[in-house]
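Worksheet: one structure, shown below.
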Amino acid sequence: MERTLVLVKPDGVRRGLTGEVIRRIEAKGYTLVRLELREATNELLAEHYAEHQGKPFYEPLVEFMLSGPVVAMVVEGERVVEGFRSLAGATDPTKAAPGTIRGDLGRDWGLAVQQNIVHGSDSPESGAREIGIWFP
Ligand code: IDP
Ligand code: MG
């Protein structure tokens, strides 16, 4: 069965939206297989966001992801990678469609990095890689 890594980012945890994110995942019919409140570390984020190293938003992204606890989850289901990306909505919360997590609950705060509440793996291969990083 396919699995994806979902993170409720520090903005989502701070704003008390963890339950709402989990509610939407469960209401969609996916299964939670791991769930943990975690503090990220520089090393872990360097691996997790390896593809973004060197981009202008990389340092602000790491700083943001270290700004408070995150809730890390492994979520399972047929085509769950694609399905959770669809629930999450577009990266830019201003453009994310209403009805999505980022579209309903996120906004632009005028910062160097978009605070968009959730992370979801972008392919089954990324899912397996990221689950290995967060839940070794
Ligand atoms: P994703 O989370 O929708 O997969 P990615 O391109 O993987 O988006 O980027 C990782 C994270 O980096 C985003 O969720 C967002 O927080 C931030 N980010 C990505 N692109 C930009 C940008 O152009 N400006 C500011 N922040 C960005
Ligand atoms: Mg991504």
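Note that these values count all heavy atoms, side chains included, but never hydrogens, waters or copies made by symmetry. Remember, it's a predicted structure, so these values are computed and weren't measured experimentally.
- Of the possible donor and acceptor atoms, none in the side chain of Arg3 sits under 3.5 Å from a partner among the backbone N and O of Pro124.
- Looking at residues two or more places apart in sequence or on another chain, you find a salt bridge (charged side-chain N to carboxylate O under 4.0 Å, His left out) between Arg24 and Glu20, Asp104.
- Counting non-hydrogen atoms of other residues, nucleotides and ligands closer than 6.0 Å to CZ of Arg79 gives a total of 12 or fewer.
- The main-chain N or O of Ser67 is found under 3.5 Å from a side-chain atom of Arg14 such that the two form a donor-acceptor pair.
- Considering every non-hydrogen atom in both Gly68 and Pro10, the closest pair reads O-CG, 3.6 Å.
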Chi angles and distances behind the side-chain contact (heavy atoms from CB on, under 4.5 Å) call for Lys9, Gln115: CA-CA 8 Å; Lys9 294 181 176 182; Gln115 301 202 347; over 6 Å; no
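- To the nearest 0.5 Å, atoms OG (Ser86) and NZ (Lys28) are separated by 5.5 Å.
- At least one side-chain heavy atom of His119 sits less than 4.5 Å from a side-chain heavy atom of His48.
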Check the pair Glu51 / Gln53 against side-chain contact (heavy atoms from CB on, under 4.5 Å), numbers first and verdict last. CA-CA 6 Å; Glu51 63 172 319; Gln53 282 185 41; over 6 Å; no
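- In this structure, Asn116 contributes its side chain and Thr91 its backbone to a donor-acceptor pair below 3.5 Å.
- At a threshold of 4.5 Å between non-hydrogen side-chain atoms, the residues Pro93 and Arg107 do not count as touching.
- Through chains of ILVMFWY side-chain contacts below 4.5 Å, Val118 is grouped with Val6, Val8, Val13, Leu17, Val21, Ile22, Ile25, Tyr30, Leu32, Leu35, Leu37, Val71, Met73, Val75, Val80, Phe84, Leu87, Ile101, Leu105, Ile117.
- Expressed to the nearest 0.5 Å, how far CD of Gln114 lies from CZ of Arg102 amounts to 9.5 Å.
- Ionic pairing of Arg85 and Glu82 is not present here: no N-O contact between side-chain nitrogen and carboxylate oxygen is shorter than 4.0 angstrom.
- Side chain of Glu2 to main chain of Val81: a donor-acceptor pair is present (N/O by atom type, distance under 3.5 Å, no hydrogens or angles).
- Annotation for Leu66: hydrophobic cluster partners, listed by chain and number, are Leu5, Leu7, Val33, Leu44, Leu45, Tyr49, Phe57, Tyr58, Leu61, Val62, Phe64, Met65, Val70, Val74, Val113, Ile131, Ile133, Trp134, Phe135 (ILVMFWY side-chain heavy atoms under 4.5 Å, direct or chained).
- One side chain, Ser121 or Glu130, offers a donor N or O that lies under 3.5 Å from an acceptor on the other.
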